[in-house]
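Single-structure report; data block below.
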2 protein chains.
Amino acid sequence: MTEITGTGDPARSLSLLWRLVEPSPRGRGAEAGLSVDRVVDTAIALADAEGLGALSMRRLAADLGVGAMTLYTYVPAKAELLDLMVDSALGEFPSLYSPVADHWRARLEAVARASWSQYERHPWLLHVAASGRPPLGPGVLTKYELGLQAVDGTGLDEVAMDAVFTLIEGFVAGTARGVVDQVAAEEATGITETEWWEATAPILDRVFDPERFPTVTRVGPVAGEAQQAAYDPRKAFEFGLVRLLDGVAVLVDGSP
Amino acid sequence: MTEITGTGDPARSLSLLWRLVEPSPRGRGAEAGLSVDRVVDTAIALADAEGLGALSMRRLAADLGVGAMTLYTYVPAKAELLDLMVDSALGEFPSLYSPVADHWRARLEAVARASWSQYERHPWLLHVAASGRPPLGPGVLTKYELGLQAVDGTGLDEVAMDAVFTLIEGFVAGTARGVVDQVAAEEATGITETEWWEATAPILDRVFDPERFPTVTRVGPVAGEAQQAAYDPRKAFEFGLVRLLDGVAVLVDGSP
DNA sequence: TTCCTTGTCGTACACTGTACGACTAGCCCT
DNA sequence: AGGGCTAGTCGTACAGTGTACGACAAGGAA
């Protein structure tokens, strides 16, 4: 279930992201000590613990000890809440990234691994469709800043710097999604990846025609055996990262 | 809204995917001429035209002129229906791919572009989470076969062949998702990407601190201007594809 | 003709986001 | 001190979701 963000007008979203206006509670809200931050933090905790599927407005309100509609005092709609959650979670990036390395390749690899662990900590990040119009709050910009710094000083122009960071970031998100989907599938079905593959492989063997799929017949079992599944996202991450950095090296240095 | 697939047991799913058992209708179903294929084809047509969000069991049944629960005669649940849709849509791959090229790099690029146009034709493919446990039907295997053939004869071993195809495929899916999300955002908000960027950029200028984000301050506006948006997935595709193929070339030939 | 199998489908349940409007607690002004 | 207004709270309602259950009916077999 991917959720869409940023419904309302950009100005409203931005002023929320940067906390330009805070609805200072005067009424009974003061009792509960509610605030945008508390709503967002609780929502993140809920999504971390039980997934984005468990994050309904009613449930979040119950966790906060208020009525469902009270949330709409602090947040215009669920879409904006998700924006705020994304920005807040991505803001943790600096604590996961140590930019000690002095070579761009080491820096970029560190960025990729820090990003990877962000998605491990907050898997629901991959289920909010922030692609086209990211919530341009402090958290997102901080991550973007550090990502760009990693490719700074390589001689690449500004457009290429942006493109390289975007490429790495998209790759990490894609492979991380693999992990998340596998975990979700395990929880939904109660069957582990290995069990599923062991149940599927023999049936598949009988059903499909080696003459129609000669290359799959040769490659599939070997690959499947190597990763004990149809797909191992962690291995895909390690493999792909090297290819990607090699490709960027060609652009930067003219050779890997 | 990403939907999960493959709830039931693998054996049941596989026999459906390969059409091992067809519920030959004897009762009133014969009047409507219903079949698994007709259900799947109609579901694909609906998802193509109005998106995965419009694909509810009630709506699909209405399009077929039957009651909602009738669908469950042909398909165990919505998850399995999605599996069947994915496999059927991916089966169109050969008609989009001409493997004339005799160099692996040209073949792999053709695979990437064919895959890209699949996601253009069926954007909803990107919203079903098939990652970990793909529906291993004839359509998926056909695409996998042709993808593997593209990297065959390069001297790579079986595990690496699988890894390269997976890497390319993941990259295409990731960037294609960018397009889909942008279109979805435009339809949901009524604001085009360019309009959104033009509304956001000036506000953002005032709100954020150049000293805190020096590299973003330098790179962001140049990149934003170059693509008239925060992100241009088509340019990201062209840029990333070259990097990726360069990286694979290093693996295959030892140099780009 | 009677029975049984098998496809059809109306109803019901628990759930979603949020529009609307009623309620009330606290602040300001007189 | 008292009245009025502002602004946060939240109960109810609506249109939708996937699908379990069980009633129904039509065709083939005896």
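The model shown is predicted, which means the values in this text are computed figures rather than measured ones. Chain identifiers are assigned alphabetically (A, B, ...) following the order of the sequence lines, protein sequences preceding nucleic acid strands; residue numbering begins at 1 within each chain.
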Between A/M69 and B/M57, whichever has its closest DNA chain D nucleotide further toward 5' is A/M69

Worksheet item: OP1, OP2 of C/dG7 versus side-chain N and O of B/T70: anything below 4.0 Å?
Response: no

Do any side-chain nitrogens or oxygens of B/Y74 fall under 4.0 Å of OP1 or OP2 in C/dT8?
-> yes

Name the orientation class of the two ring planes belonging to A/W18 and B/F208 (parallel below 30°, tilted from 30 to 60°, perpendicular beyond 60°). perpendicular

Taking every heavy atom of A/V180 against every heavy atom of A/P123, the minimum-distance pair comes out as CG2-CB, 3.7 Å

If one requires at least 3 consecutive Watson-Crick or G-U pairs with distances under 3.5 Å, the stems of DNA chain D turn out to be C:1-30 with D:1-30

Q | Base D/dG18 paired with B/R58 side chain (donor-acceptor, <3.5 Å) | A | yes

A/K78 NZ to C/dC15 C1', in whole Å, measures 12 Å

A/L71 CG to D/dT9 C1', in whole Å, measures 11 Å

For A/F237, the ring-ring contact (aromatic ring centres under 6.0 Å, His included) test, sequence neighbours excluded, returns A/W116, A/F171

Between CG of B/L55 and C1' of D/dG18 the distance, given in whole Å, is 12 Å

The reported gap from CG in A/L52 to CE in A/M85 (rounded to nearest 0.5 angstrom) is 6.0 Å

Hits for ring-ring contact (aromatic ring centres under 6.0 Å, His included) against B/W197, two or more places apart or cross-chain, chain-then-number order -> none

Between CG of B/L60 and P of D/dG16 the distance, given in whole Å, is 17 Å

Atom CG of A/L64 and atom P of D/dT9 are separated, to the nearest Å, by 11 Å

request  = Could you tell me whether A/S56 contacts a base, only the sugar-phosphate backbone, or nothing, with contacts defined as non-hydrogen atoms closer than 4.0 Å?
outcome  = sugar-phosphate

Are A/R59 and A/E50 ion-paired here, with the side-chain N under 4.0 Å from a carboxylate O?
yes

- Task: Start with the C-alpha distance between B/E169 and B/K143, add both sets of side-chain angles, then the distance that settles salt bridge (charged side-chain N to carboxylate O under 4.0 Å, His left out), and finish with yes or no.
- Result: CA-CA 10 Å; B/E169 183 55 28; B/K143 180 171 183 177; 3.0 Å; yes

Rounded to whole Å, OH of B/Y72 lies from C1' of C/dC9 at a distance of 13 Å

